[in-house]
Amino acid sequence: MVTVFLANGFEEMEAMVPVDLLRRSKIQVQTAAVGTNPMMHGGKVVTGAHGISVLCDVVAEQVTADEMEMLVLPGGGEGTQNLENSSIVAQWLSYAEKHDIFVGAICAAPSILGKMGMLDGKKATAYPGFEPKNAVCTGDFVVRDGKYITAKGPAACLEFAFELLSCLKGEQAVQSVKGEIQCQK
């Protein structure tokens with residue numbers, strides 16, 4: 001199971017492109033609402049940085065370790081701040097680190113991993129100004145170092161999603177999805 005944490009102010013492309021491409025590959029993906037109003041659709045509605053509202057599959061409090069393969073954090077300035085302020089997100093990131101589970105973060109979100117010490121000495125990338133603390137920042141669009149996958153920003157969302165898919169199902173699955181969506185790269 002892949003869990004994509006969504007908080008108000010998330011960057012829509014950075015969340016929805018990975019969700020779409022992973023689901024196309026028959027990977028179980030759940031979106032988990034973080035810090036939302038429980039009176040609105042049971043707390044499952046999250047609004048992105050550009051006013052697009054998403055009805056998540058679960059609220060963050062419902063995430064479990066069952067079959068957990070990967071956690072994904074989309075960026076967006078406000079969304080990243082809201083994810084960073086969540087004790088539930090911090091708990092799951094610590095769990096992922098201890099249990100060798102993949103963690104993907106894009107745009108401003110790699111800064112959360114940096115503040116938690118998860119990227120110390122590791123290669124990473126992020127949106128300029130949000131480079132993760134103590135990481136070796138490459139400036140590349142997408143960087144994978146072990147179980148950590150980071151990406152620079154919205155323009156990297158396809159490459160980010162392909163790298164997440166490659167981690168879980170290999171290059172053949174990536175090529176299959178690229179063909180399905182008519183990706184020429």
Side-chain angles (χ1 to χ4, degrees), residues 1-7 10-11 14-23 25-36 44 46 56-76 79-127 130-138 140 142-152 156-157 159-170 173-174:
M1 172 76 73
V2 174
T3 299
V4 180
F5 287 109
L6 300 181
F10 74 95
E11 179 61 51
E14 297 168 357
M16 294 299 102
V17 170
V19 169
D20 179 286
L21 294 185
L22 293 173
R23 285 184 177 174
S25 295
K26 308 298 185 244
I27 294 172
Q28 280 191 299
V29 179
Q30 67 180 353
T31 53
V34 175
T36 52
K44 293 181 181 179
V46 181
C56 290
D57 301 307
V58 298
V59 293
E61 292 81 1
Q62 295 172 314
V63 172
T64 67
D66 294 345
E67 300 179 33
M68 186 178 286
E69 296 178 273
M70 179 181 284
L71 301 177
V72 178
L73 307 177
T80 296
Q81 190 62 54
N82 288 330
L83 291 175
E84 184 178 334
N85 291 338
S86 169
S87 61
I88 293 169
V89 171
Q91 168 196 327
W92 284 114
L93 289 172
S94 293
Y95 179 89
E97 184 176 38
K98 288 176 187 155
H99 292 89
D100 208 26
I101 292 169
F102 288 109
V103 176
I106 184 170
C107 192
S111 66
I112 299 169
L113 307 182
K115 288 176 184 174
M116 292 182 68
M118 297 171 79
L119 297 176
D120 288 358
K122 295 189 180 303
K123 291 181 183 175
T125 194
Y127 193 84
F130 290 92
E131 292 85 358
K133 179 180 170 184
N134 297 325
V136 178
C137 294
T138 67
D140 294 337
V142 177
V143 174
R144 178 180 174 194
D145 191 334
K147 292 286 185 170
Y148 299 98
I149 305 94
T150 54
K152 198 164 190 173
C157 66
E159 287 183 45
F160 178 61
F162 291 143
E163 188 60 33
L164 299 177
L165 177 56
S166 177
C167 290
L168 297 172
K169 281 202 157 181
V174 171

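Below, each value reflects all heavy atoms present in this structure, side chains not excepted, and no hydrogens, waters or symmetry copies.
Nearest approach of G75 to T80, heavy atoms of both residues: CA-OG1, 3.5 Å. Residue L164 comes nearest to G104 through the heavy atom pair CD2-CA, 4.1 Å, listed as atom of the first residue, atom of the second, then distance. When every heavy atom of V136 is checked against every heavy atom of G121, the shortest pair comes out as CG2-O, 4.0 Å. Here the closest non-hydrogen pair linking V46 and C56 is CG2-SG, 3.7 Å. In plain terms, the two heavy atoms of A151 and A156 that are nearest each other are CB-CB, 4.2 Å.
Residues E14 and C107 meet the side-chain proximity criterion, which asks for heavy atoms closer than 4.5 Å. Residues P74 and V4 have side chains in contact (heavy-atom distance under 4.5 Å, counting atoms from C-beta outward). Under the 4.5 Å side-chain criterion, counting only non-hydrogen atoms from C-beta, F162 is not in contact with V142. Within the 4.5 Å cutoff, the side chain of K44 has heavy atoms near those of the Q62 side chain. At least one side-chain heavy atom of F160 sits less than 4.5 Å from a side-chain heavy atom of V72. No side-chain heavy atom of I88 sits under 4.5 Å from any side-chain heavy atom of V63. Using a 4.5 Å heavy-atom cutoff, the side chains of L93 and L71 are in contact.
Note on residues 86-107: no pairs pass side-chain hydrogen bond (donor to acceptor under 3.5 Å, both in side chains), not counting sequence neighbours. Under the salt bridge (Lys or Arg N to Asp or Glu O under 4.0 Å) criterion, the residue pairs touching residues 56-71 are R23-D57, with sequence neighbours excluded.
Applying the side chain to side chain donor-acceptor pair (under 3.5 Å) rule to S111 yields no partners; only residues at least two apart in sequence or on another chain are considered. By the salt bridge (charged side-chain N to carboxylate O under 4.0 Å, His left out) test, K115 pairs with E84, sequence neighbours left out. By the salt bridge (charged side-chain N to carboxylate O under 4.0 Å, His left out) test, D120 is found to be paired with no residue, residues two or more places apart in sequence or in another chain being considered. For A135, the side-chain contact (heavy atoms from CB on, under 4.5 Å) partners two or more places apart in sequence, or in a different chain, are L119, A124, P132, C137. Applying the side-chain contact (heavy atoms from CB on, under 4.5 Å) criterion to F102, with sequence neighbours excluded, gives M70, R144, K147, I149, C167, L168. By the side chain to side chain donor-acceptor pair (under 3.5 Å) test, Q81 pairs with N85, sequence neighbours left out. Looking at residues two or more places apart in sequence or on another chain, you find a side chain to side chain donor-acceptor pair (under 3.5 Å) between Q30 and T3. In this structure D145 satisfies the side-chain contact (heavy atoms from CB on, under 4.5 Å) test together with K122, K123, sequence neighbours excluded. Judged as a side chain to side chain donor-acceptor pair (under 3.5 Å), and not counting sequence neighbours, the contacts of T138 are D140. Listed by chain and residue number, I27, L165, K169, V177 satisfy the side-chain contact (heavy atoms from CB on, under 4.5 Å) test with S25 (two or more places apart in sequence, or in another chain).
To the nearest 0.5 angstrom, K133 atom NZ is 14.5 Å from M118 atom CE. One finds the CE atom of M16 at 6.0 Å from the OG1 atom of T31 (value rounded to the nearest 0.5 Å). Separation of atoms CD1 (I106) and OG1 (T125) is listed at 10.0 Å; rounding is to 0.5 Å.
With respect to V2, the side-chain contact (heavy atoms from CB on, under 4.5 Å) criterion is satisfied by exactly one of L22, I101, V19: L22.
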